[in-house]
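I have placed the structure first, in the form of C-alpha cells, so that the comments after it can refer back to it.
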There are 2 protein chains.
Amino acid sequence: MLVAQTLNEPRVRLRRERVLREAVDLADAIGADALTMRRLAEQLGVVPMALYKHVANREELLDGMVDLIVGEIEGELASEQEPAAASTDWQTGVRRRTLAARRTLQRHPWSRRVIEGRTTKTTAVLDYIEQFSSLLLAGGLSPDLTHHALHAIGGRMWGFTQELFDESHDAVPAPPPDPAMLQAAAARYPSIVAVATFRAHDPGSVVGRGCDDDAEFEFALDLWIDGIERLHRRHWSSAPEV
Amino acid sequence: MLVAQTLNEPRVRLRRERVLREAVDLADAIGADALTMRRLAEQLGVVPMALYKHVANREELLDGMVDLIVGEIEGELASEQEPAAASTDWQTGVRRRTLAARRTLQRHPWSRRVIEGRTTKTTAVLDYIEQFSSLLLAGGLSPDLTHHALHAIGGRMWGFTQELFDESHDAVPAPPPDPAMLQAAAARYPSIVAVATFRAHDPGSVVGRGCDDDAEFEFALDLWIDGIERLHRRHWSSAPEV
DNA sequence: ACCTGAACACCGTTCAAGT
DNA sequence: ACCTGAACACCGTTCAAGT
C-alpha cells in the first residue's frame, strides 16, 4: 500500500503506519468509541505518550485510519474477478468503484460513522474523489452536472464528499490559497479542480461563488423524487423477473 | 409541543423536558461533543448526579434531544406560508415535508451527526417516518417501492431510516414481538407496518425475510446513476433558465 | 530521536447518604 | 421523591526528564 503523505524521515513513516494499522485492527475488534489512545498504546506494548511522537492527537489518528482504509478501495477494485473491458460507459465504472468502496468500508464497521465525523480531506480521500470525478467527466458529463452529482451521491455512499467543496461550515476560515499549492493540486487532482472551478470560467456567474447548499439539496431531493415516480409509473417491483 | 412518551407521573415528565430543552439549547451553543453531563448540570444549576433521575445515561439524553427536535418538524411544516392545496400529488407533499425537516435540523447544527449515531427509534422519529411513508402509499406507490424508496433517501436526508427495518446490525437480537405491542404499533404506525410486512403477504417470497442490504444499496445507486444519466442526455445545467 | 512517569484537568457513573 | 458529596475508573494531553 502506498500512502503519500508529507514525508519527514522514513523511520517515522514506518512507525506511523504501524500505529495506524494497529489502530484499524483494534477498531475492527472493539469499535471506534472504545479505541482510546491509552488502549491503543497498551496494544502496541508502549506507554500512551509514545503515540504522540507519530500522531499529533486523537483526531489525527482517526484521520490516518480513514486514510488507510480508503486507500484500500483501490486494491479491492484491482482484485476483482472480471477484469472489465478497457472502455465501458461511465455508469459501469462508477458502479464498480462504488461497490468496491462499499465492500471495503463494510470490512470496517466503525468506518462509516468515523468518516462522516471527519472534516479534514486526507490524500486518500481526495484521490478517491478524483478517480470518481474523472469517471464522470470522461463520460462526457459537464463539470456542472458532475458537481451536483457528487453532492447528491456523497452522503449515502461514503459521507465524505459532503463538505468537500464547501468551507462555509468550518470554524476557521480557509487561508487564501497559495498559488504554488493550487498548481500542485491541479496536477494531482485535475478533475476535482475542474469541477470546483468551472464557475469561474462561466461568464454568466459570479466568480468564486461557493456552493449553494440549498440548491444542491433540492437537486438531490428532486433526483430521488423523479426517479421514484418513474419507477412507480413503470410498476417497478423488487421481485425477480420470471 | 406534544411529545408522547411512556408516561409515569407528570412532575417527572415536566422536569425531563426541561433537561432535554436545556440540553438542546446548550448543544446549539457549544456543540454536541462539548455537551457533557457535568456541563449540562452546571447550566441547570444542579449537581451532575441530579440529571440521572430524569435520564438514564448520556445515550438516553441524546435520544431525548433527537426526539425533541424531530418533533419540531411538524410545527415547522404547519407554520409554512403557503397553506398547500388540500390534495396534491405525493411529490409535492414529500418535497414540503423533507424541506421542512431540513430547515428544522439546520437550526441545530449538531443534530445531523448525532442522529446518525443513534440506533434507537424514538417515537418522534417513528412518527416522522410514519407520515413520510403514508404520503408515498397514499400516492399509490406499492409497499415494495415505498420500502426501497425510504432506504434510498434515508441516508442523505435525515440519516435515521438507515437501520429502520433492519435489525441485523444490532448486537442484541430483537426480542420476539409481543402480539399486543404489534397491535398497538399497527394502530399508531399503520404505514410503517404495511411497508415492513408486505413481504409476508407476497406468496412468492419467503415469509419474514428481512431487508437485503446489498439489494437496497444497489437500488439507491442505480436510482442515482439513471437519474444523472438522464439529466446528462437532456443537457442539464444549473444555470437559471433565461 | 524516541520513550517514560508523573501529573493536570477533565469524563460518565456508582454508591450511600441526606431532606 | 428528589438532590447531594465523595469516590471510582477511566479519558486526552502537558511537561520535564530520561536514554
Atom-pair distance ([atom1] on [X]; [atom2] on [N]), nearest Å:
X: B:E42; N: D:dT4; atom1: CD; atom2: C1'; answer: 16 Å
X: B:R18; N: D:dC2; atom1: CZ; atom2: C1'; answer: 14 Å
X: A:L40; N: D:dC11; atom1: CG; atom2: C1'; answer: 14 Å
X: B:L51; N: C:dT14; atom1: CG; atom2: P; answer: 13 Å
X: B:K53; N: C:dA16; atom1: NZ; atom2: P; answer: 13 Å
X: A:L62; N: D:dC11; atom1: CG; atom2: P; answer: 15 Å
X: A:D33; N: D:dC10; atom1: CG; atom2: C1'; answer: 15 Å
X: A:Y52; N: C:dC8; atom1: OH; atom2: C1'; answer: 13 Å

Nearest-neighbour nucleotide for the [X] side chain, [options] considered:
X: B:P48; options: C:dT13, D:dG12, C:dC3; answer: C:dT13
X: A:R38; options: D:dT13, C:dT13, C:dT4; answer: D:dT13
X: A:R15; options: C:dC3, C:dA7, D:dA7; answer: C:dC3
X: A:A50; options: C:dT4, D:dT13, C:dC2; answer: C:dT4
X: B:N57; options: C:dG5, C:dT13, D:dC2; answer: C:dT13
X: B:T36; options: C:dG5, D:dC2, C:dC11; answer: C:dC11
X: A:M49; options: C:dT14, D:dG12, C:dG5; answer: C:dG5

Worksheet item: Around A:D33, counting heavy atoms of other residues, nucleotides and ligands shown, do more than 12 lie under 6.0 Å from its CG?
Response: no

Item to complete: Give a yes or no on this: more than 12 heavy atoms of other residues, nucleotides or ligands lie within 6.0 Å of atom CZ of A:R113.
Response: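 It does not: A:R113 CZ has 12 such atoms or fewer within range.
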
Worksheet item: Does A:H54 have a side-chain nitrogen or oxygen under 4.0 Å from the phosphate oxygens OP1 or OP2 of C:dC2?
Response: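 No, outside the criterion.
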
Worksheet item: For C:dG12, what is the paired nucleotide under Watson-Crick or G-U wobble rules, both distances under 3.5 Å?
Response: D:dC8

Discussion item. Only pairs with both distances under 3.5 Å count, Watson-Crick or wobble alike; so what is the partner of C:dG18 in this structure?
Written reply: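 D:dC2 - that is the nucleotide pairing with C:dG18, both distances being under 3.5 Å.
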
Discussion item. For B:E59 and A:V47, find the nucleotide of DNA chain C closest to each by heavy atoms; which residue's nucleotide sits nearer the 5' end?
Written reply: A:V47

Item to complete: For B:S79 and B:E76, indicate whether the former's side chain and the latter's backbone hold a donor-acceptor pair under 3.5 Å.
Response: yes

Discussion item. Taking the side chain as everything from C-beta on, heavy atoms only, tell me whether B:V24 gets closer than 4.5 Å to B:L20.
Written reply: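 No, their side chains stay 4.5 Å or more apart.
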
Worksheet, complete the sentence: When A:E60, A:M65, A:R15 are each screened for side chain to side chain contact (heavy atoms under 4.5 Å, CB included) with A:V55, the one that passes is A:E60

Discussion item. Counting the atoms with a prime plus P, OP1 and OP2 as sugar-phosphate, which does B:R58 contact under 4.0 Å by heavy atoms, base, sugar-phosphate, or nothing?
Written reply: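 Answer is sugar-phosphate: B:R58 comes under 4.0 Å of backbone atoms only.
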
